[in-house]
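Below you'll find the structure I mean.
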Amino acid sequence: MGKKQKVEAVTPMNEDFARWYTDVISKTELVDYSPVKGFMVIRPYGYAIWENIQKEYDKRFKETGHQNMYFPLLIPESLLKKEAEHVEGFAPEVAWVTHGGGKELAERLCIRPTSETIICSMYSKWLNTYRQLPFKYNQWCSVVRWEKTTRPFLRTSEFLWQEGHTLHETYDEAQEETMQMLDIYRDVAEEYLAIPMVVGKKSEKEKFAGAYSTYTMEALMHDGQALQSGTSHNLGQHFTKAFEISYLDRENNQANPYHTSWGISTRLIGAIIMVHGDDNGLVLPPKIAPTQLVIIPIAQHKEGVLDAAYEIKNSLKEKFRVELDDMDGYTPGWKFNQWEMKGVPIRLEIGPRDIEEGQCILARRDTGEKVQVSLEDLATTIEKLLDEIQDNMYQKALNMREQKTSIAEDMNEFKDNLTKNPGFIKAMWCGSRECEDKIKDETGATLRCVPFEQEVIGDGTCVCCREKANDMAYFARAY
RNA sequence: CGAGGUGUAGCGCAGUUUGGUAGCGCACAUGGUUUGGGACCAUGGGGCCGAAGGUUCGAAUCCUUUCACCUCGACCA
């Protein structure tokens, strides 16, 4: 018995993408707005998606030797200030606790915008010898960054995420860790979330405050805007020096370890919505959909229908995440729309006619296609179909991205592409901050990353200044 | 933080100009008829009109202050 729900149409994407997005997230009950601006309530359906994402990433972290920990929410101001670039980067968006127990505090405490500082201060206590290295820890928590413009999942003042923090003996080891984690991010995003990612390195301008270098995976949304979906930082020794993390190395000298951090957040849910969704609502990849299959009985008051539906549910529930919608007083059509909006990959219809024929109807959410299938070997059929849907969704998303990715050899072409076919623009870049800024000023597009997979566009000169360029970069307007 | 907009039932709105004690649609509850792509009939419950002050015999409506949310810009996972 589910509870009754609102039935309303979703604003078509082409009409108003922003409104489509808010319609979808509220009508499918993923989130609701809270009394405090920029803070959202993640409702059970949304949280279930997060749990499925979490589960897979957490598994991969553990497989690669990381352990989970938990560090405190509050960080003393003095700690936050220890790494200069870091404070500067985060200061504008930090929330402060100034009172406790009715009294003003001697030192104000910041609500973590990220935990490098508190973690490093603890690491400095714990690390003594190279024998203890590497440190490979992770925490699942929420962080607070006071944002001016907020949108559920995409930019909220508090968000759920995961932050890994590791220490290593050498730069190379830290670099290897940084790349390994980025690779895990990309792998799960592509295989589970069915979202193709562009991976590469951030520019100096866009990198994390206090990082030596930042790597990112970037996805492209339906409206042609890019979404930074996960970052992995090689922090070098910036923090370990500032926090005086040192140990006796193999030569019996005091040394500072090399440091990495990496994170993905509930923003990934925003990516799923905006990459796969359509005018009927959500389309969820089978591997992370809270419900993979919903059974809708037709004419459920008729004898035998509900029994048959329950029998099917029981036979499938071990293998799949199955729901049976046996709510009274709603027509099948209403339920079809409702579950489509929620993005459930497969709908199974079972009615009196099917029961007579020993069959049922399967309808897939990604294509809308309906097929009659025999009740025998139903589990096998469904398993195959779910795989097919997962693959098809990735392929569709990849096609969408490719269709929205163009190249530009000069600024006119750049601007033209951005207007006519908003999306990723691949262009040569000389590496200078001036050109990066100029491109942003003139077009609104930011440098998303310098991808690992390089190619030469046109004559190999910078799209902006026409000097010789060594790098090809992806540009886009971004969330 | 700049510019604009909106706050009246869970949601969407009317009522505000011209003050007279709150209404519509959907949703919700009950009963009945329905059920293969958003069914229908009947009955019913639900609102100190964002908040605080003021004007007035009387305020959703007029005045002042304040808070929140949305959209667009500048800044950001």
Check your understanding: Looking at the side chain of A:Asp354, which of B:rG37, B:rA77, B:rG36 is the nearest nucleotide?
Key -> B:rG36
Point to revise | Between B:rA22 and B:rA74 - C1' atom distance, rounded Å | key: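 About 43 Å, rounded to a whole number of Å.
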Review point. Taking for each residue the nucleotide of RNA chain B with the nearest heavy atom, is it A:Arg267 or A:Lys302 whose nucleotide lies nearer the 5' end?
Key: A:Lys302
Point to revise | Nucleotide forming a Watson-Crick or wobble pair with B:rG45, both distances under 3.5 Å | key: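 No nucleotide pairs with B:rG45.
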Review point. Within this structure, what is the CZ-to-C1' distance between A:Arg19 and B:rC72, rounded to whole angstrom?
Key: 16 Å
Point to revise | Inter-nucleotide C1' distance (B:rG20, B:rA60), Å rounded | key: 13 Å
Practice item. With sequence neighbours excluded, tell me which residues meet salt bridge (Lys or Arg N to Asp or Glu O under 4.0 Å) with A:Arg433. Key: A:Asp437
Review point. Can you list the residues that meet the side-chain hydrogen bond (donor to acceptor under 3.5 Å, both in side chains) rule with A:Gln139, with sequence neighbours excluded?
Key: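 For A:Gln139 the side-chain hydrogen bond (donor to acceptor under 3.5 Å, both in side chains) partners, ignoring immediate neighbours, are A:Ser115, A:Glu163.
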Check your understanding: Across all strands, who's sitting opposite B:rG10 as a Watson-Crick or G-U wobble pair, both distances under 3.5 Å?
Key -> B:rC26
Review point. When you compare B:rU6 with B:rG25, how far apart are their P atoms, in angstrom units rounded to a whole number?
Key: 25 Å
Point to revise | Atom-pair distance (CD on A:Gln338; C1' on B:rC26), nearest Å | key: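 Distance, rounded to whole Å: 14 Å.
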Point to revise | Base-pairing mate for B:rU34 - Watson-Crick or G-U, with both contacts under 3.5 Å | key: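 Base-paired to nothing in any strand shown.
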Exercise for review: For A:Thr266 and for A:Gly38, find the nucleotide of RNA chain B with the closest heavy atom, then tell me which residue's nucleotide is more 5'.
Suggested key: A:Gly38
Check your understanding: With sugar-phosphate meaning primed atoms plus P, OP1 and OP2, does A:Glu340 contact a base, only sugar-phosphate, or nothing at under 4.0 Å between heavy atoms?
Key -> base
Review point. What's the NZ-C1' distance between A:Lys148 and B:rC70, to the nearest Å?
Key: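 Distance check: A:Lys148 NZ to B:rC70 C1' gives 18 Å.
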Check your understanding: Under 4.0 angstrom, heavy atoms only, what part of the nucleic acid is A:Ile264 near: base, sugar-phosphate, or nothing?
Key ->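 The answer is nothing, as A:Ile264 stays clear of every strand by at least 4.0 Å.
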Study note, to complete from the structure: Across every strand shown, the nucleotide meeting Watson-Crick or G-U wobble geometry with B:rU56 (both distances under 3.5 Å) is none
Between side-chain atoms of residues 287-297 of chain A and protein atoms elsewhere (two or more places apart, or another chain), which donor-acceptor pairs fall under 3.5 Å?
residue, atom, partner, partner atom, Å
A:Lys287, NZ, A:Glu191, OE2, 3.4
A:Gln292, OE1, A:Arg321, N, 2.9
A:Gln292, NE2, A:Pro286, O, 3.1

**Study point:** Sugar-phosphate only, base, or nothing, as touched by A:Thr214 at under 4.0 Å among non-hydrogen atoms
**Key:**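 Nothing: the residue A:Thr214, judged by heavy atoms under 4.0 Å, touches no strand.
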Point to revise | Protein-nucleotide distance (A:Asp23, atom CG; B:rU71, atom P), rounded to Å | key: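 Computing the A:Asp23:CG to B:rU71:P distance gives 11 Å.
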Review point. Touch check for A:Leu227, heavy atoms < 4.0 angstrom, all strands: base, sugar-phosphate only, or nothing?
Key: nothing
**Study point:** Gap in Å between the two C1' atoms, one belonging to B:rA29 and one to B:rG45, rounded
**Key:** 7 Å
**Study point:** Protein-nucleotide distance (A:Tyr21, atom OH; B:rU71, atom C1'), rounded to Å
**Key:** 16 Å
Point to revise | Nucleotide paired to B:rU66 in any strand shown, Watson-Crick or G-U, under 3.5 Å | key: B:rG50
Exercise for review: Let me know the distance between CD of A:Gln225 and P of B:rG73, rounded to the nearest Å.
Suggested key: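 It works out to 9 Å between those atoms.
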Review point. Expressed in whole Å, how much space separates the C1' atoms belonging to B:rA59 and B:rC48?
Key: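 Nearest-Å result for B:rA59 against B:rC48 at atom C1': 13 Å.
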N/O contacts under 3.5 Å, protein versus nucleotides 39-46 of chain B?
residue, atom, partner, partner atom, Å
B:rA39, OP1, A:Thr331, OG1, 3.2
B:rA39, OP2, A:Thr331, OG1, 2.6

Point to revise | Integer angstrom distance from the P of B:rU56 to that of B:rA14 | key: 31 Å
Point to revise | A:Lys27 side-chain N/O to B:rG12 phosphate OP1/OP2 under 4.0 Å | key: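 So the side-chain polar atoms of A:Lys27 never come under 4.0 Å of the phosphate oxygens OP1 or OP2 of B:rG12.
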Practice item. Give a yes or no on whether the ring-centroid distance for A:Tyr47 and A:Tyr45 is below 6.0 angstrom. Key: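 Here the rings of A:Tyr45 and A:Tyr47 have centres that are no less than 6.0 Å from each other.
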Review point. Hey, does A:Ser265 reach any base, or is it just sugar-phosphate, or nothing, if we go heavy atoms under 4.0 Å?
Key: base
Check your understanding: Within this structure, what is the CZ-to-P distance between A:Arg151 and B:rC72, rounded to whole angstrom?
Key ->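 Whole-Å distance recorded here is 7 Å.
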Review point. Under the 3.5 Å rule, do the base of B:rG37 and the side chain of A:Lys370 count as making a donor-acceptor pair?
Key: yes
Review point. What nucleic acid atoms does A:Glu93 come within less than 4.0 Å of, heavy atoms only: base, sugar-phosphate, or nothing?
Key: sugar-phosphate
Review point. Less than 4.0 Å between a side-chain N and a carboxylate O, is that true for A:Lys148 and A:Glu93?
Key: no
Check your understanding: Rounding to the closest angstrom, what is the interatomic distance between B:rG50 and B:rU16 at atom P?
Key ->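 Nearest-Å result for B:rG50 against B:rU16 at atom P: 15 Å.
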Review point. Taking NZ, NE, NH1 and NH2 as the nitrogens, is one of them in A:Lys205 or A:Glu436 under 4.0 Å from a carboxylate oxygen of the other?
Key: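 Salt bridge absent between A:Lys205 and A:Glu436.
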**Study point:** Pi-cation contact, A:Trp161 with A:Arg145 (under 6.0 Å, within 45°)
**Key:** yes
Check your understanding: Charged N to carboxylate O under 4.0 angstrom, A:Glu77 versus A:Lys81?
Key ->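 Yes.
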Check your understanding: Which residues pass the salt bridge (Lys or Arg N to Asp or Glu O under 4.0 Å) test with A:Lys302, sequence neighbours left out?
Key -> none
Practice item. Would you please name every residue forming a salt bridge (Lys or Arg N to Asp or Glu O under 4.0 Å) with A:Asp307, sequence neighbours left out? Key: none
Review point. What integer distance in Å separates A:Phe208:CZ from B:rA77:P?
Key: 9 Å
Review point. When rounded to the nearest Å, what value does the distance between P atoms of B:rG36 and B:rA68 take?
Key: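 The same atom, P, in both gives a distance of 49 Å.
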Review point. For B:rC72, which nucleotide in any strand shown is its Watson-Crick or wobble partner with both distances under 3.5 Å?
Key: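 Looking at the geometry, B:rC72 pairs with B:rG2.
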Practice item. Classify the nucleic acid contact of A:Pro113 as base, sugar-phosphate or nothing, counting any heavy atom under 4.0 Å across all strands shown. Key: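 Counting heavy atoms under 4.0 Å across all strands, no contact is made by A:Pro113.
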Review point. Does A:Thr149 make a side-chain donor-acceptor contact with the base of B:rA74, cut-off 3.5 Å?
Key: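 Flag set: donor-acceptor pair detected.
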